[in-house]
Amino acid sequence: MSGAVAQAGAPMQSDVRRRRSSLTRSRIRAAWLFIAPSLIAVALIAGWPLARTIWFSFTDADLNNLSDYEFIGFENYLANYDSEWLGLLTDPDWWHSVWNTVWFTLVSVSIETVLGIIVALILNATFPGRGLMRAVILIPWAIPTVVSARMWNWMLHDQFGVINDMLLRFGLIAAPISWTANPDTALWTVVMVDVWKTTPFMALLILAALQMLPGDIYEAAKVDGIHPVRVFFRVTLPLIKPALIVAIIFRALDALRVFDLIYVLTANSRDTMSMSVYARQQLVDFQEVGLGSAASTLIFLIIALLVVMTLAAGRVRLGEDPR
């Protein structure tokens with residue numbers, strides 16, 4: 001009797017598996033159908049310019065005549081002429097811009113992450129005027145970067161700036177400081193302005209994660225008398241880790257390709273030149289499309305490499321639950 005039941009159950013299980021497999025394939029086809037327009041748009045808007053930039057990096061193209069160029073291989077990156085190494089990888093200005101960009105990214109994103117967590121925790125609490133405070137805190141992020149950079153440029157002016165005036169009134173400095181022109185303060189000034197502008201973005205993403213946390217965990221911790229600091233490091237931080245990593249990746253991507261903030265505040269200053277500013281200088285000022293495209297290609301590769309390293313370090317598996 002049991003054998004007959006088992007034999008009857010086997011076809012039923014097989015039918016269930018076939019239906020599930022068919023349903024899975026149908027869902028996959030529907031998913032591809034829905035995302036196909038987006039993929040096509042991305043391929044046209046981002047893929048084609050990227051491919052063309054990579055192609056130009058292997059040519060001697062000039063901005064005066066983009067139709068007249070020759071394929072030169074890797075000479076824009078590295079070449080040896082008469083026992084002398086030339087190319088982008090031998091240019092000290094390029095490596096200095098790489099260091100400036102990486103340093104700017106590490107420092108600014110680290111500060112923004114810490115401040116973003118603090119602001120998000122404050123905004124997540126219940127207090128009068130919380131809705132208004134959440135709206136006000138987003139104002140720096142809502143201001144266009146060029147506008148905010150120009151505003152800070154005037155505020156930091158060594159003769160007319162309000163920052164120097166305040167510091168002089170309080171006796172914190174003896175003479176006005178040219179914040180954006182002094183090599184000792186220029187890069188820190190750019191970091192400060194970037195932190196002011198983009199900390200609300202980090203706080204917004206972290207706040208969204210905090211809003212999704214179950215309240216019963218904190219009620220149980222409160223009943224058990226666990227200190228809030230310990231609750232934060234043992235409960236809150238692990239739970240918001242996936243959202244925190246996403247926020248850090250987004251900000252790191254933005255910081256690694258920073259251009260407008262640095263260019264408005266310090267122009268082509270070598271002390272603050274980022275990789276994007278360097279690429280723009282080669283492409284526009286020197287009209288070297290090949291060299292500028294090579295710099296842009298390396299920026300893309302560096303950003304892609306750092307994103308992969310960040311995902312690996314955070315043990316984030318795309319499409320899977322983090323463990």
Side-chain angles (χ1 to χ4, degrees), residues 42-109 183 186-187 190-191 194 248-313:
V42 170
L44 293 176
I45 296 173
W48 168 246
L50 176 62
R52 189 168 174 81
T53 299
I54 295 174
W55 166 252
F56 274 134
S57 71
F58 297 109
T59 69
D60 61 351
D62 187 88
L63 192 61
N64 289 324
N65 189 3
L66 283 177
S67 61
D68 184 18
Y69 59 83
E70 294 182 1
F71 181 81
I72 59 174
F74 289 91
E75 291 186 11
N76 284 321
Y77 297 94
L78 189 64
N80 187 285
Y81 292 101
D82 298 330
S83 301
E84 182 180 1
W85 290 99
L86 302 173
L88 184 65
L89 297 178
T90 64
D91 188 355
D93 287 341
W94 161 253
W95 290 111
H96 189 71
S97 69
V98 172
W99 165 249
N100 284 342
T101 307
V102 173
W103 186 92
F104 168 81
T105 300
L106 291 175
V107 175
S108 63
V109 174
L187 198 53
V190 175
V191 169
D194 186 70
I248 291 173
I249 291 175
F250 282 175
R251 270 301 303 135
L253 287 174
D254 197 31
L256 285 170
R257 56 186 178 83
V258 62
F259 170 78
D260 44 7
L261 181 64
I262 291 180
Y263 190 75
V264 172
L265 285 173
T266 62
N268 284 328
S269 173
R270 186 178 184 273
D271 298 317
T272 59
M273 181 178 291
S274 66
M275 294 186 293
S276 297
V277 175
Y278 176 92
R280 181 261 173 202
Q281 184 185 59
Q282 301 299 322
L283 182 64
V284 178
D285 293 348
F286 302 153
Q287 299 188 351
E288 296 282 349
V289 175
L291 196 58
S293 298
S296 300
T297 302
L298 286 183
I299 293 173
F300 168 75
L301 295 177
I302 291 173
I303 292 176
L305 176 62
L306 290 179
V307 169
V308 172
M309 291 172 58
T310 304
L311 291 173

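Keep in mind that the numbers below use all heavy atoms, side chains included, and drop hydrogens, waters and symmetry copies.
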Atom pair [atom1]/[atom2] of [X] and [Y] - distance to nearest 0.5 Å:
X: Phe56; Y: Leu291; atom1: CZ; atom2: CG; value: 14.0 Å
X: Thr101; Y: Ile302; atom1: OG1; atom2: CD1; value: 8.0 Å
X: Asp271; Y: Ile262; atom1: CG; atom2: CD1; value: 11.5 Å
X: Leu50; Y: Trp55; atom1: CG; atom2: CH2; value: 15.0 Å
X: Arg257; Y: Ser274; atom1: CZ; atom2: OG; value: 11.5 Å
X: Thr105; Y: Asp254; atom1: OG1; atom2: CG; value: 9.5 Å

Open item on the list: Test side-chain contact (heavy atoms from CB on, under 4.5 Å) on Tyr278 and Leu88; report intermediate values, then the result.
Closed with: CA-CA 11 Å; Tyr278 176 92; Leu88 184 65; 3.4 Å; yes
Are the side chains of [Y] and [X] in contact, using a 4.5 Å heavy-atom criterion?
X: Arg280; Y: Asn268; value: yes
X: Asp91; Y: His96; value: no
X: Tyr81; Y: Glu75; value: yes
X: Met309; Y: Leu305; value: yes
X: Phe104; Y: Asp194; value: yes
X: Leu298; Y: Trp94; value: yes
X: Leu256; Y: Ile299; value: no
X: Leu78; Y: Thr90; value: yes

- [ ] Kindly state each residue pair satisfying ring-ring contact (aromatic ring centres under 6.0 Å, His included) with at least one member in residues 251-275, sequence neighbours excluded.
- [x] Phe259-Tyr263
Would you name the heavy atoms of [X] and [Y] that are closest together and state the gap between them?
X: Leu66; Y: Ala61; value: CD2-CB, 4.4 Å
X: Arg270; Y: Asp93; value: NE-OD1, 2.6 Å
X: Ala267; Y: Val277; value: O-CG1, 4.0 Å

Open item on the list: For the CZ atom on Phe286, are there more than 12 heavy atoms of other groups (residues, nucleotides or ligands in this structure) within a distance under 6.0 Å?
Closed with: yes
Open item on the list: Within the supplied structure, the quantity of interest is the number of heavy atoms (other residues, nucleotides, ligands) at a distance under 6.0 Å from Trp99 CH2; does it exceed 12?
Closed with: no
Task: Full working for side-chain contact (heavy atoms from CB on, under 4.5 Å) between Val289 and Leu283 - done: CA-CA 5 Å; Val289 175; Leu283 182 64; 3.7 Å; yes
Open item on the list: For Tyr77, give me all partners under ring-ring contact (aromatic ring centres under 6.0 Å, His included), at least two apart in sequence or on another chain.
Closed with: Phe58
Task: Donor-acceptor pair, side chain of Asn76 and main chain of Thr59, under 3.5 angstrom - done: yes
- [ ] Please answer whether the main-chain N or O of Leu89 pairs with a side-chain N or O of Trp95 as donor and acceptor at a distance below 3.5 Å.
- [x] yes
